[in-house]
Number of protein chains: 4
Amino acid sequence: MADTAGPTEQPAARRRGRPHRREASEQKRRAIFDAAVKVVGRRGYAEASVARITTQAKVAQGTFYLYYKSRQDLLDQLLPALGEEMLAFIRERVSGVDGLVEREEQRLRAFFAYIDQRPELYRILHEAETFAPEGHKRHYKTIADDYIRALARDFRRAGMAARSEAELEATAYILMAARDYLSMRYAHWAGQGEQLPEAVVQTYIHIVRGGLFGTAG
Amino acid sequence: MADTAGPTEQPAARRRGRPHRREASEQKRRAIFDAAVKVVGRRGYAEASVARITTQAKVAQGTFYLYYKSRQDLLDQLLPALGEEMLAFIRERVSGVDGLVEREEQRLRAFFAYIDQRPELYRILHEAETFAPEGHKRHYKTIADDYIRALARDFRRAGMAARSEAELEATAYILMAARDYLSMRYAHWAGQGEQLPEAVVQTYIHIVRGGLFGTAG
Amino acid sequence: MADTAGPTEQPAARRRGRPHRREASEQKRRAIFDAAVKVVGRRGYAEASVARITTQAKVAQGTFYLYYKSRQDLLDQLLPALGEEMLAFIRERVSGVDGLVEREEQRLRAFFAYIDQRPELYRILHEAETFAPEGHKRHYKTIADDYIRALARDFRRAGMAARSEAELEATAYILMAARDYLSMRYAHWAGQGEQLPEAVVQTYIHIVRGGLFGTAG
Amino acid sequence: MADTAGPTEQPAARRRGRPHRREASEQKRRAIFDAAVKVVGRRGYAEASVARITTQAKVAQGTFYLYYKSRQDLLDQLLPALGEEMLAFIRERVSGVDGLVEREEQRLRAFFAYIDQRPELYRILHEAETFAPEGHKRHYKTIADDYIRALARDFRRAGMAARSEAELEATAYILMAARDYLSMRYAHWAGQGEQLPEAVVQTYIHIVRGGLFGTAG
DNA sequence: AATGAATGAGGATTCATTCAT
DNA sequence: TATGAATGAATCCTCATTCAT
């Protein structure tokens, strides 16, 4: 999924034969980007030196600067790109699911599924606050805005009392927080490939249902 | 408060006159530690070089290694120490409060109050995951354990059905998550001295009450 | 003046329409050369990278090496070309002036006039000693030779005792020196557009005519 | 001479045995400085990399930054130090010489003598305009001021008409120029150890005394 | 115990030049 | 002829750590 939607994607045309100049260039940019994702995912931003990234990408150090203005420039693009990929992934998995709580449950499961296949995201997401603060803030504001709109619509559809913008925002941050910390505890610490315990999902749903929509079951 | 409880504390005895050898040594260790808190709080772990810390502490660079095995060694002690301080602060504020929800509300308020007076904590807390991962994990496990015990007791006292260990743990992480993200949004981003909006507290309570203990209202 | 005499000059023929192969090529060479003059004049030799020169000239980096063997190759041509332009400019202004001292005065004024309209020359002239030493030496030897011939002729015409070659040469260097340092002090340091103070010209003439302690004048 | 007066000087005390910390430190600073003089003198500022300077000084690269804030910082100190050394040298040689013209002659000879024993000065003096422009300007302003005072006094003593400040300044720059260009032609180009031709000195004196076309002499 | 000088590896970035297109 | 992507060496500077004093 990510491989066809993300920045790793191969251009549909010319997948065989010598690529044109333009395409070859784009491939190299992507090679560097992907190398950075790998390096940051494995070692963290702090150890993602240009030397390491270019070695991983199998290009010369100087080549890096043909595609990115500076190390920071590339680092700043990591979260936006992966974040967008993740959002698209979740959106797709949630679309078509009916019911407020069910949708929220699906969001959590999709988040874990995404992290499972793109384990690099965890580090990028968490370290971005330190190493790419602007992008980090923007990322969360974007997701929060999405969430606020979705929640408002969900409440309306369910015929429930409207919440103020402030309440919706706080709710959005709490939900983002919950899935983030749960991913820390049950994905990151647990190690890759580890299953998300069903009891955790149930607890999450329980709180969402009881807290958000009143009648806990 | 923190100043009397934290590692900055002066020993009651011998506050005047030439301190004993042992005390003088302890003072120096603390001077370095406090300097590190200041530097990391202001500039982040990444820029907390030994040179900067020792300059701030007004000791020679070499002195650092008489008290800490390495830079990492000191960095690893930052979160445990501040975390303990914070926990003690919150515990004190919550003790004596009656009612489940009221205690939880008080926990949130105390957390914000602590961050407001010790703004360094935010950075240390967040960056520790990157720069002192062991300490970070231990920190959260400790708090989670505290939380699990407190929740179990609270549920028992309220005569509610017992939750499994797994459920309690997930709940604990969600609550820690919530206050963390709320502090990011409403303290860190808002700027120091900014008030925590009342609507945010109400939203938090609402979720806690409705979700955690069943009868939202 | 310089624009019609210098290397920037457009060929009289074919100023319109598609230029011949040969001319187009020559134009490109000149574009690169002029770009180099601009870049070196503004930023100095040290910052005159091939990238900057070609950007300024609006050609690709690789194109540079079709016209110049190396960066140094072009740099070496800067002073000879500008120097020739300058000499022609001064020669024209001095021609027709009668009188030894008057001619020398005119030379100084012409030098300042030239620098005023081609401010790049100052930098190129001064930095060439470091960055294009061969060209620099040749430049001064050429001017000195010119000077020696002119002085010999002037002395002869004035019916004065002949000077030895060695004396004439030393004299030439002193005169070149004087106008160079005066341009440093009263043009370069003073800023562009600044007038050459009349007292300076008078001092120069005074010395030329009667020496430091002479009473000529 | 320079070796006992310049920054290369050994402290009088403790020339034997293990030096004190303070002295050892000062020695190292000097070693780096002297290495820089050598490197810049031989290869020019542009090639005076920190690596080359520290290699020459036989210290590690990092050591450089214990003594100088940056490469530029050291480079900026080169001319002031050598310039001061040179001035002292000339002053000493001229002191005690009677007669206006005789003093001026002595100044020229001393300049050549200094350059002969400190050939590095030539490059440092000339390239400083490009690589340490502030120091270069200051250097010439200082010398010019010295010169202006000396000339005013000389004129006064000789009972000659006073010159305006502007005239004195222009004169000073012309004299500095003359000796500079003569050193270029008859020391730098000629190669080290080459004798200053007597005819050149005579020409200089001739011009000083009676101007170009005067009959003084 | 305390100092601070010394080290050298490792960091990001720029550059002249080459060469396949 | 013209392009511009690619290279990798060289640049300055910072740093954690060691160790003689």
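Side chains are part of it too, since the values below use all heavy atoms of this structure and drop only hydrogens, waters and symmetry mates. Proteins get letters first, then strands, A, B, ... in listed order; numbering begins at 1 in each. In this text the structure is predicted, and so the values were computed from the model without any measurement.
Tested against C:Glu120, the residues C:Leu78, C:Val37, C:Val39, C:Leu125 include a single side-chain contact (heavy atoms from CB on, under 4.5 Å) partner, C:Val37.
Comparing D:Gly62 and A:Gln61, the nucleotide of DNA chain F nearest to each residue sits closer to the 5' end for A:Gln61.
In this structure, the separation between OH on C:Tyr122 and CG on C:Leu82 is 15.0 Å, given to the nearest 0.5 Å.
For the pair C:Ala51 and C:Thr55, the tightest heavy-atom approach, listed with the atom from each and the gap, is O-OG1, 2.7 Å. Residue A:Arg29 comes nearest to A:Tyr67 through the heavy atom pair NH1-O, 3.2 Å, listed as atom of the first residue, atom of the second, then distance. Nearest heavy atoms, A:Leu74 versus A:Ala36: CD2-CB, 3.6 Å. The two residues D:Asp76 and D:Ala132 make their nearest non-hydrogen contact at OD1-CB, 3.3 Å. The two atoms that bring D:Lys38 and D:Gln56 nearest to each other are CD-NE2, 3.4 Å, heavy atoms only. Closest of all the heavy-atom pairs between B:Ser70 and B:Tyr65 is CA-CE2, 3.9 Å.
B:Arg29 has its CZ atom 11 Å from the P atom of E:dA2, to the nearest Å. With rounding to whole Å, C:Ile32 atom CD1 is found 14 Å from F:dG4 atom C1'. Atom-to-atom, OH of D:Tyr65 to C1' of F:dT14 comes out at 9 Å; the value is rounded to the nearest Å. Nucleotide E:dC15 holds its C1' atom 17 Å from the CZ atom of A:Phe64, rounded to whole Å.
For residues 38-60 of chain A, proximity to DNA chain F is found at A:Val59, A:Ala60, defined as any non-hydrogen atom under 4.0 angstrom from a strand atom. Scanning residues 66-76 of chain C for heavy-atom distances under 4.0 Å to DNA chain F yields C:Leu66, C:Tyr67.
OP1 or OP2 of F:dT3 sits under 4.0 Å from a side-chain N or O of C:Thr63. Regarding contacts with the backbone of E:dA6, a side-chain N or O of D:Lys28 is found under 4.0 angstrom from either OP1 or OP2.
Relative ring orientation between B:Phe131 and A:Phe131 is described as tilted, the plane-to-plane angle lying within the 30° to 60° band.
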Output field dot_bracket for DNA chain E (Watson-Crick or G-U, both distances under 3.5 Å, | for other-strand pairs) contains .||||||||||||||||||||
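By the 6.0 Å and 45° rule, A:Arg71 does not stack over the aromatic ring of A:Tyr45.
Within 6.0 Å of CD on C:Glu134 lie no more than 12 heavy atoms contributed by other residues, nucleotides or ligands.
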